[in-house]
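Below is one structure, written out as structure tokens, with a few remarks after it.
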Amino acid sequence: MSDSEDMTEFASIVERIERGEVPIKNIERELICPICKELFTHPLILPCQHSVCHKCVRELLMQNHEDSFDAGSECSLPGSPRSRVPSPSMERLDRLVRSGGSRGSISSPGWRRGSVTPRVTTIPCPGCQHDIDLGERGISMLFRNFTLESIVERYRQAARAAVAIMCNICKPPQLQEATKSCMDCKASYCNECFKLHHPWGTPKAQHEYVGPTTNFRPKVLMCPEHEMEKVNMYCEVCRRPVCHLCKLGGSHANHKVTSMSSAYKILKEKLAKSIHYLISKEDQVRTQITELELLISQTEENGQLAERRANEHFERLFETLQERKSEMLRSIEQSRNRRLDQLKGQVEEYQGMLENSGLVGYAQEVLKETDQSCFVQTAKQLHVRIQKATESLRTFHPAADPCFDEFVLDTSREETLLKEMCFGGVPDPPLIDLSNSRVYNEALICWRLSDDHLPTDHHVVEYRRLGGPSQSPSQEDGEDSGVWRATDRVYGPSTVVSDLEPDSLYSFRVRSCRNSMFSPYSPEVTFHTPPAPAFGFLFSDKCGFSTERLILNKRRDTVESVAGMAFLLAAERVQTGSYIGLDYIIGDTGISQGRHYWAFKVEPYSYMVKVGVASDSKLLEWFHNPRDTSSPRYDHDSGHDSGSEDTCYELSQPFTLLTLGMGKLFIPKASSSSSVSTASAASGDPGNRMLPMPQRLGVCLDYDACRVYFYDADTMRCLYERQVDCSGTMYPAFGLMGSGKVQLEEFITAKRLTF
């Protein structure tokens, strides 16, 4: 086919589409809302370009809003606790999101800045499952899909065929069929009513009218953000129409835009070409439909065959199990009958020993015999029996053992095999990645699959609470303790589990699913949640930060101490030794109430790192007080790695710190205000006060109780705690000497970095 013929056919297809010659009844599946499963009603275009009914978006947003209050939690940042806003009534919320269709968008004055607005404006798109952030204006920022509305209206008319649209002005019983619809009045008229309400020589005579319809759309699409401006450009980044104010100083100022006419021409040409391609491949599509129908038939047949074979295998298992059951029960019955016979015989024998019965009674009758020869003849055998009875009476032994321990059946191995019994295509169980999994108020659970695994459809994570120190016995016996709870389907290698109780032990497991077949569960792993909510902060480069010896990364979640020229110059002034003081850095957020927990990692090669808290009321005096950095007598830390300096706690110092270095953690000597986890550490022996440095260290500050705790963040074992002066705002504090590196945990920084 030549280019001219191809373009002619292309133009013909476009004309057919524009004339509406494409059968409208065949596109019903494209006109169904993915939420209500009915024909679209006032559809809105989401930022991901999927369309949803106005009422469905409203209900979904309202549902998420109510859930957010039910699952709301207090903010960890001090001085700004989150307050719970009362949930508006149904009538109030409906009034907030009522449509203002005359401007081409959904008007929602309640969603504007400064109004009583629900905190959550994020909803999941039912089409692509992505989270859609509607912003502070909510659904008022969404355009109505008038094109889709028109198509739905044409579909409704084609579906009801003979059902006519009636005049909106006529009164029963003289109700007439409408012949025209006025797009300005948004009403349908018969001929007489149209002439009556649109007389010649009046402005109404200039109204635009079309054939009878119930779909009234605005003549001009208005910008939902700038309600008095017409949209005249198209944003290629957000893929939506915008006005010139959006481009000049609005949210699309730095986006690439094009004129509406250019976007219309380009998009229409692309769509028409795509339709032309599909129509030209109609024979190929029909062939593939035939193949798919054949695959459907084969799937049905093969599924039934696999089901029959599986039933046969289970029937054979049932038969084998029934046979073994019968044999083993028969063995138990035979052993029981044999033992009963033996015990009953022994009972009869002992009953014969009773007076006037059995053996004793018979012997008493024999004693009455006066003929000596006859007596001797009978008494000899009788005496032997009497002796045996007497001997058995002295050494009593039951004739049979009533215990059936040898018949105890252990089916645990078989039960495990039956539970693990699966088809050949069942995926291998995943393994939870302990190195990347973290647990705070929420749990980040990561897992990995085998190297030769096939693609899986989804994963399911299950977790249960095993208990904790703060859990009462009544809670441990409750429904939440030990009961497995499952998350929603997860389509990636990790998920976040929310709403975990503090200071509790949780167990996690995961399994994969492929073709509706689940893998066995992964081995269970346990994590201990921190004793307090996670505290979010980054390193501050303002207060006392040394740019000469400390390097802070761009994310401000990692600080590194390096030796440079400043170190050499300071050492050159000292003739008897080279001493450099600690370089301090604090967090950018303070604590003024409550309990808070944060965790971090100290690199094993670090020479000396001190970690703890600092008071702002003493920081300014500390950093502005001049001291000779070449003399150790002006610093409470002499630079030695024994850790004993921490015991010399002075009220004038703003820091309460614990020392780590060279792969060790140094427990300070126990005092009246401190306690340690082991008796050996409390003894004061320096060797006993050195512990291996944990891979991750956690700090918990109880501001109200004026105590600070240091934890092994992996096991949540408290290593050391002591009293601290919380007279002012407290900040996470770190001190580094020599080479060293401290990195904050991802969960601690994630919230701040997102903000």
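Just so we're clear, the structure is a prediction, and the values are computed from it rather than from any experiment. Below, all heavy atoms of this structure are taken into account, side chains as well, without hydrogens, waters or symmetry copies.
- With sequence neighbours excluded, no residue satisfies ring pair (Phe, Tyr, Trp, His ring centres under 6.0 Å) with Tyr506.
- Residues Leu278 and Val285 have side chains not in contact (no heavy-atom distance under 4.5 Å, counting atoms from C-beta outward).
- Of the possible polar contacts, none joining the Arg595 side chain to the Pro533 backbone as a donor-acceptor pair under 3.5 Å is found.
- Two residues are said to be in side-chain contact when any heavy atoms from C-beta on lie closer than 4.5 Å; Val460 and Tyr521 fail this criterion.
- Under the 4.5 Å side-chain criterion, counting only non-hydrogen atoms from C-beta, Asp503 is in contact with His528.
- Going from atom CD of Gln288 over to atom CG of Leu295 covers 11.0 Å, rounded to the nearest 0.5 Å.
- The distance from the CZ atom of Arg448 to the OG atom of Ser435 is 7.0 Å, given to the nearest 0.5 Å.
- Within a 6.0 Å radius of CD in Gln695, other residues, nucleotides and ligands contribute 12 heavy atoms or fewer.
- Here the closest heavy-atom approach between residue Gln342 and residue Ala399 is recorded as OE1-O, 3.1 Å.
- Electrostatic pairing of Asp712 and Arg717 does not count as a salt bridge here, judged by no charged N lying under 4.0 Å from a carboxylate O.
- To the nearest 0.5 angstrom, Gln743 atom CD is 7.0 Å from Lys601 atom NZ.
- Using a 4.5 Å heavy-atom threshold, the side chains of Ile445 and Phe527 count as touching.
- Between Leu142 and Leu46, the closest side-chain pair of non-hydrogen atoms falls below 4.5 Å.
- The shortest side-chain heavy-atom distance between Glu38 and Cys33 does not fall under the 4.5 Å cut-off.
- A donor-acceptor contact shorter than 3.5 Å is absent between the side chain of Ser335 and the backbone of Ile332.
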- Task: Dump the intermediate steps for side-chain contact (heavy atoms from CB on, under 4.5 Å) on Leu44 and Val52, then the final yes or no.
- Result: CA-CA 5 Å; Leu44 305 180; Val52 183; 5.9 Å; no
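- Between the side chain of Ser437 and the backbone N or O of Cys446 there is at least one donor-acceptor pair closer than 3.5 Å.
- The salt bridge (charged side-chain N to carboxylate O under 4.0 Å, His left out) contacts involving residues 297-316 comprise nothing, where partners must be two or more places apart or lie in separate chains.
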- Item | Working for side-chain contact (heavy atoms from CB on, under 4.5 Å), residues Val483 and Arg464 | CA-CA 6 Å; Val483 178; Arg464 62 177 176 176; 5.8 Å; no
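- With rounding to the nearest 0.5 angstrom, the OG1 atom of Thr456 is 11.0 Å from the OH atom of Tyr491.
- Taking the side chain as every heavy atom from C-beta outward, Cys700 and Pro530 never approach each other to under 4.5 Å.
- Arg339 contributes no side-chain N or O that, together with a main-chain N or O of Ala400, makes up a donor-acceptor pair within less than 3.5 Å.
- Interatomic distance, OG of Ser498 versus CD of Glu442, reported as 4.0 Å (0.5 Å rounding).
- For the residue pair Tyr440 and Leu500, the shortest heavy atom distance occurs at O-CD1, 4.3 Å.
- Between atom OG of residue Ser51 and atom CD1 of residue Ile32 there is a gap of 13.0 Å, rounded to the nearest 0.5 Å.
- Residues that satisfy the ring pair (Phe, Tyr, Trp, His ring centres under 6.0 Å) test with Phe404, not counting sequence neighbours, are Phe407.
- Under the 30°/60° scheme for interplanar angles, the aromatic rings of Tyr711 and Tyr597 are found to stand perpendicular.
- Using a 4.0 Å cut-off between a side-chain N of Lys or Arg and a carboxylate O of Asp or Glu, Glu327 and Arg324 qualify as a salt bridge.
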- Using the side-chain contact (heavy atoms from CB on, under 4.5 Å) rule, take Leu697 and Val602 through it: C-alpha gap first, then chi angles, then the decisive distance, then the call. CA-CA 8 Å; Leu697 193 71; Val602 177; 5.7 Å; no
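- The shortest distance between side-chain heavy atoms of Val497 and Phe508 falls below 4.5 Å.
- Closest of all the heavy-atom pairs between Arg514 and Pro427 is NH2-CB, 3.4 Å.
- Within a 6.0 Å sphere centred on CG of Asp488, heavy atoms belonging to other residues, nucleotides or ligands number 12 at most.
- In summary, Glu59 and Lys55 do not engage in a salt bridge, as defined by a charged side-chain N under 4.0 Å from a carboxylate O.
- In this structure, the side chain of Arg485 does not engage the main chain of Arg465 through any donor-acceptor pair within 3.5 Å.
- A donor-acceptor contact shorter than 3.5 Å is absent between the side chain of Ser512 and the backbone of His459.
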- Task: Quick one: do Arg336 and Leu340 satisfy side-chain contact (heavy atoms from CB on, under 4.5 Å)? Show the steps, please.
- Result: CA-CA 6 Å; Arg336 181 188 62 194; Leu340 289 175; 4.0 Å; yes
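- A donor-acceptor pair under 3.5 Å is formed between the side chain of Ser504 and the backbone N or O of Pro502.
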